[in-house]
Every structure is written in C-alpha cells, then in structure tokens.
Number of protein chains: 2
Amino acid sequence: MPNNQFKKGELYSFITGKASTAIARRLQKNFKQAGLDITIEQWSVLYHLWKEEGQSQQQLCDATFRDKPSITRLVDNLEKLKLVKRVPSKEDRRINLIYLTKEAVQLQEKSMEVANQTLNEALNGVTNGQIEIAKEVLHTVYDNLK
Amino acid sequence: MPNNQFKKGELYSFITGKASTAIARRLQKNFKQAGLDITIEQWSVLYHLWKEEGQSQQQLCDATFRDKPSITRLVDNLEKLKLVKRVPSKEDRRINLIYLTKEAVQLQEKSMEVANQTLNEALNGVTNGQIEIAKEVLHTVYDNLK
DNA sequence: GGCATATAGTTGTTTATGCAACTACATAAA
DNA sequence: TTTATGTAGTTGCATAAACAACTATATGCC
C-alpha cells in the first residue's frame with residue numbers, strides 16, 4: 001500500500017510497542033498497590049489457567065504467544081511462588097499438565113478486578129466503535145505476520 | 001465506561017502486548033536477514049539520532065519512552081558496537097551528548113528500507129482510515145496513563 | 001522391531017526492562 | 001557561602017525475551 005507510506009513515521013513508536021507497554025506497566029503498578037505480588041507475565045499465564053486448568057506448557061505457549069523457553073521459566077517462577085504445580089501426563093510422558101493451587105484460585109477475583117479497572121482507566125474516552133476498529137487492525141496485523 | 005465491560009476479555013492479549021511484539025519480532029528477523037546486526041531497541045535509539053544528533057540521554061529517554069537505566073545500557077551497547085559516542089557537554093557537565101559514528105550513518109538507509117517493508121507487510125489490507133483510528137486510540141491510551 | 005522424524009520440555013547465552021539506590025553536578029534559597 | 005533540592009546518569013538485582021542447542025518421549029514408515 002504505497003499510500004500508507006507518508007504515515008509510517010508516526011507508527012514506529014507502535015513497533016517498539018510503547019502504548020501497550022504503558023498499559024502493562026500501569027497494570028503492574030496497580031497489582032502492586034493492591035498487594036498482588038505477581039508480574040503481568042505471570043498473570044497472563046494464570047489468566048489462561050483460570051479459564052481452563054490442566055493445560056500443557058505447549059498449550060500455554062499458543063495461548064500467550066510465547067515460546068517454549070519463556071513458558072518453562074514462567075512456570076518455574078509460578079511454581080516457586082506456589083501458584084501452580086506441574087503434573088506429568090499419564091498418557092504422554094513428555095507432557096506436563098499445569099494445575100492451579102488454592103492460592104492461585106484465590107488470586108483470580110481480585111486480580112481480574114484490578115485488570116478491569118486498569119483497562120477502564122486506559123480506555124477512558126475511547127468509544128466502542130474505535131475499540132472495534134483497533135481490534136480489527138491488531139488482528140489483521142497479527143494474521144499478516146503469522 | 002461500563003458498556004466497554006463486555007469487550008475486555010478480548011483485550012487482555014493487547015495488554016500483554018502481543019500484536020506490537022509480533023511486528024517487532026518480524027522487524028528483528030528482517031534486520032537479521034538483511035545482514036543488519038542490531039536489535040530493534042538499538043534501532044529505535046538510532047532512529048531518533050538520525051533525526052537529530054547530539055541529543056542527551058534524557059532526551060532519548062523521552063523520545064523512546066524508556067527509563068534512564070534502559071538508555072544507559074542501550075547506549076553502552078551501541079558504543080560497544082561503535083555506532084555512537086558519548087560526548088560530555090561543555091555547558092553542563094552532568095550531560096552526555098550522543099553522536100553517531102560513520103558506521104551508524106551508513107546504517108540509516110538500509111535499515112529504514114527494511115523497516116518500511118516490514119510495516120507494509122504488517123499493514124497489508126489495513127485502510128488509512130483504520131490506521132488513523134488505531135493511532136487515535138493509542139494516543140488516548142497513552143495520554144490517559146501519563 | 002528398528003530407524004527416522006516430530007513433539008514436549010529444559011538449559012545456556014545475550015539483550016532488555018523495572019525498580020531502587022547511588023554519584024556527580026547544578027540551581028535556588030537562607 | 002552554605003544548605004537543600006532537583007536533575008543527569010550509573011550500577012545492582014530480579015524478571016523476562018529470543019535464539020540455539022540439547023534430552024526425552026512418541027509416532028510413522030520400512
């Protein structure tokens with residue numbers, strides 16, 4: 001699209017991802033303020049486990065768009081914090097299934113509340129229509145690069 | 001905005017920043033393929049120095065939305081690669097002014113070409129109108145969190 | 001069965017980030 | 001002039017990312 005050319009200059013800050021990291025940083029701060037001692041990366045893993053427990057590390061890779069070493073280490077740290085447990089699969093001994101501890105289950109309500117508040121803060125003044133279009137753009141970009 | 005509520009679930013992957021890091025990762029790969037041995041973070045610093053040389057580290061912090069330690073270390077690494085030089089300011093001895101080496105000047109053309117190609121790839125099928133709105137959303141989010 | 005190949009997960013290395021604590025210099029007020 | 005306060009930059013520490021190389025298990029084909 002050559003007629004996108006003139007707009008690119010302003011988009012380089014998007015490449016370096018600074019709007020999304022601004023939200024991420026704020027969420028991290030709000031977690032801390034609420035007494036929640038987890039990182040947003042750890043939270044993003046828990047988020048998918050709250051939806052469905054007992055996923056394999058590979059499934060968590062796909063869900064969070066991370067590579068395998070990243071998930072290995074995030075699960076390492078979540079295990080150290082006693083928030084998840086690796087359970088070897090009985091059908092396939094290569095696979096670890098990841099389960100939540102009681103502590104992690106208790107984290108869900110409060111942390112989702114903080115996350116929702118943070119998104120409200122960030123999206124204040126943005127209309128639903130604008131959000132829809134922004135999501136479309138993100139999906140298109142993601143598909144283009146897959 | 002309580003009527004944004006129902007849309008949030010789909011936005012959490014935006015918090016963890018995966019659309020923009022997809023572009024960043026692709027740009028990194030394209031740099032490598034083109035024989036450019038710099039990281040996108042280093043490139044984002046060079047990008048602002050190509051626009052104006054001799055900026056202080058603090059100015060680079062503001063331009064790239066990074067904190068001071070991050071810029072200290074990016075400049076460290078860029079100095080190791082012999083792409084920039086720290087020059088102490090004569091007016092204010094606290095300040096380092098950052099200048100480009102000949103090698104860094106020569107990097108500009110090729111790396112901007114690769115960056116433009118990458119953005120074309122990523123934004124293929126996205127209309128100018130959609131881009132405008134996405135940028136508005138990013139700016140609003142950024143202002144909300146400042 | 002035995003071998004090639006694919007898949008799940010781990011480890012090592014380099015680079016980057018966020019935060020807190022620190023040094024050095026500058027400026028303004030007492 | 002001294003003292004307080006602010007600003008520029010650095011260092012240490014923990015966490016995370018990308019990439020490559022590795023181990024262990026599973027599967028498909030001869």
Side-chain angles (χ1 to χ4, degrees), chain A residues 15-18 20-33 37-45 54-81 83-84 86-98, chain B residues 15-18 20-33 37-45 54-81 83-84 86-98:
Chain A
I15 290 191
T16 55
K18 287 305 143 186
S20 57
T21 66
I23 304 186
R25 208 157 35 207
R26 176 62 55 93
L27 180 57
Q28 183 73 73
K29 186 182 276 181
N30 289 352
F31 275 165
K32 199 173 183 179
Q33 222 157 24
D37 267 339
I38 50 174
T39 68
I40 46 166
E41 290 84 3
Q42 292 164 0
W43 175 80
S44 77
V45 173
Q55 294 190 61
S56 70
Q57 296 188 196
Q58 183 57 55
Q59 286 176 307
L60 292 173
C61 290
D62 298 337
T64 64
F65 304 104
R66 290 183 165 82
D67 68 356
K68 287 193 280 185
S70 295
I71 289 297
T72 293
R73 278 148 181 154
L74 283 173
V75 173
D76 284 349
N77 285 334
L78 285 169
E79 257 192 336
K80 270 187 222 158
L81 293 169
L83 293 173
V84 305
R86 283 180 168 97
V87 177
S89 162
K90 286 176 185 173
E91 285 100 47
D92 186 333
R93 294 198 301 160
R94 293 171 302 180
I95 294 179
N96 292 330
L97 301 175
I98 313 299
Chain B
I15 290 190
T16 53
K18 288 305 143 186
S20 57
T21 65
I23 304 185
R25 208 155 36 205
R26 176 61 56 91
L27 180 56
Q28 183 73 72
K29 186 182 276 180
N30 290 351
F31 274 165
K32 199 172 182 180
Q33 222 157 26
D37 267 338
I38 51 173
T39 67
I40 47 167
E41 290 84 2
Q42 292 164 358
W43 174 81
S44 76
V45 172
Q55 294 189 59
S56 71
Q57 296 189 194
Q58 182 59 53
Q59 286 176 306
L60 292 174
C61 290
D62 298 337
T64 64
F65 304 105
R66 290 184 166 81
D67 68 356
K68 286 193 280 186
S70 294
I71 289 296
T72 293
R73 279 148 182 153
L74 283 172
V75 172
D76 284 350
N77 285 334
L78 284 168
E79 256 192 336
K80 271 188 222 158
L81 292 169
L83 293 173
V84 306
R86 284 180 168 95
V87 178
S89 163
K90 286 177 184 173
E91 285 101 47
D92 186 333
R93 293 197 300 160
R94 294 171 301 180
I95 293 178
N96 292 331
L97 302 175
I98 313 300

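Within every chain, numbering begins at 1; the chains are lettered A, B, ... in the order of the sequence lines, protein sequences first and strands thereafter.
- When the side-chain hydrogen bond (donor to acceptor under 3.5 Å, both in side chains) test is applied to A:Arg86, the partners found at least two apart in sequence or on another chain are A:Gln57, A:Asp76, A:Glu79.
- We find that CD of B:Gln55 is positioned 14 Å from P of D:dA8, with the value rounded to whole Å.
- Base contact: A:Asp67 has a heavy atom under 4.0 Å from a base atom.
- Taking side-chain N and O atoms only, B:Gln59 has no distance below 4.0 Å to OP1 or OP2 of D:dA8.
- Of the candidate nucleotides D:dC19, C:dA8, D:dT10, C:dA8 has the atom nearest to the side chain of A:Lys68.
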Atom pairs under 3.5 Å, N or O on each side, protein against nucleotides 1-5 of chain C: can you list them with distances?
none

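- Across the protein-nucleic acid pair, A:Gln58 atom CD and D:dA24 atom C1' stand 15 Å apart, rounded to whole Å.
- In this structure, A:Thr72 reaches the bases: a heavy-atom distance under 4.0 Å links it to at least one base atom across the strands shown.
- With the nearest nucleotide of DNA chain C identified for both A:Lys29 and A:Ile95, A:Ile95 has the one nearer the 5' end.
- The CG atom of A:Asp37 sits 10.5 Å away from atom CG of A:Leu83, with the distance rounded to the nearest 0.5 Å.
- Residue contacts for A:Asp76: at a heavy-atom cut-off of 4.0 Å it reaches no nucleic acid atom on any strand shown.
- Atom OG1 of A:Thr39 sits about 7.5 Å away from atom CG of A:Leu78, to the nearest 0.5 Å.
- Using a 4.0 Å heavy-atom criterion, one finds that A:Asn96 contacts the sugar-phosphate atoms exclusively.
- In terms of position along DNA chain D, the nucleotide closest to A:Thr39 lies nearer the 5' end than the nucleotide closest to the other residue of the pair A:Thr39 and A:Arg94.
- In this structure a side-chain-to-backbone donor-acceptor pair under 3.5 Å is present from A:Gln28 to A:Ile38.
- A:Ile71 comes within contact range of no nucleotide atom at all, as no heavy-atom separation falls under 4.0 Å.
- Taking atom CZ of B:Phe65 as the reference point, atom P of C:dT17 lies 14 Å away to the nearest angstrom.
- Considering B:Leu60, B:Val45, B:Thr64 in turn, B:Val45 is the only one that fulfils the side chain to side chain contact (heavy atoms under 4.5 Å, CB included) rule with B:Leu74.
- Side-chain contact between A:Asn77 and A:Glu41 is absent, with no heavy-atom pair separated by less than 4.5 Å.
- The CD atom of A:Glu91 sits 16 Å away from the C1' atom of C:dT7 (whole-angstrom rounding).
- Rounded to the nearest 0.5 angstrom, B:Gln42 CD and B:Lys80 NZ are separated by 10.0 Å.
- Not one side-chain nitrogen or oxygen of A:Arg93 sits closer than 4.0 Å to the OP1 or OP2 atom of D:dA24.
- Residue B:Lys32 has its side chain nearest to D:dA20 when only D:dA20, C:dC25, D:dA17 are considered.
- Closest to the A:Pro69 side chain, of the nucleotides D:dT25, C:dG18, D:dA20, is D:dA20.
- For B:Arg86, the listed nucleotide lying nearest its side chain is D:dT10; candidates were D:dT10, D:dA17, C:dG9.
- Atom CD1 in A:Ile98 sits about 10 Å away from atom C1' in C:dG9, given to the nearest Å.
- At whole-Å resolution of the value, CD1 in B:Ile40 and C1' in C:dT14 are 15 Å apart.
- Separation of atoms CD1 (A:Ile71) and CD (A:Gln55) is listed at 10.0 Å; rounding is to 0.5 Å.
- In this structure, of D:dT25, D:dC19, C:dT15, it is D:dC19 that holds the atom nearest to the side chain of B:Arg25.
- A sub-4.0 Å separation between OP1 or OP2 of C:dT10 and a side-chain N or O of A:Gln57 is present.
- When the nearest nucleotides of DNA chain D are assigned to A:Gln42 and A:Lys90 by heavy-atom distance, the more 5′-ward of the two goes with A:Gln42.
- Put simply, CG on A:Asp37 is 13 Å from C1' on D:dA14, counting in whole angstrom units.
- Picking from D:dA17, C:dA16, D:dG6 the nucleotide with the shortest atom distance to the side chain of B:Leu74 gives C:dA16.
- If you check every strand for non-hydrogen atoms under 4.0 Å, B:Gln28 touches nothing.
- Judged by distance alone, with hydrogens and angles left aside, B:Arg73 brings a side-chain donor or acceptor within reach of the base of D:dG12, the pair sitting under 3.5 Å.
- Distances shown here put a side-chain N or O of B:Ser70 below 4.0 Å from the OP1 or OP2 atom of C:dT17.
- Set against C:dT11, C:dT15, D:dA17, the side chain of B:Asn77 has C:dT15 as its closest nucleotide.
- A 4.5 Å side-chain heavy-atom check between B:Asn30 and B:Gln33 finds at least one atom pair inside the cut-off.
- Atom CG in B:Asp92 sits about 17 Å away from atom P in D:dG6, given to the nearest Å.
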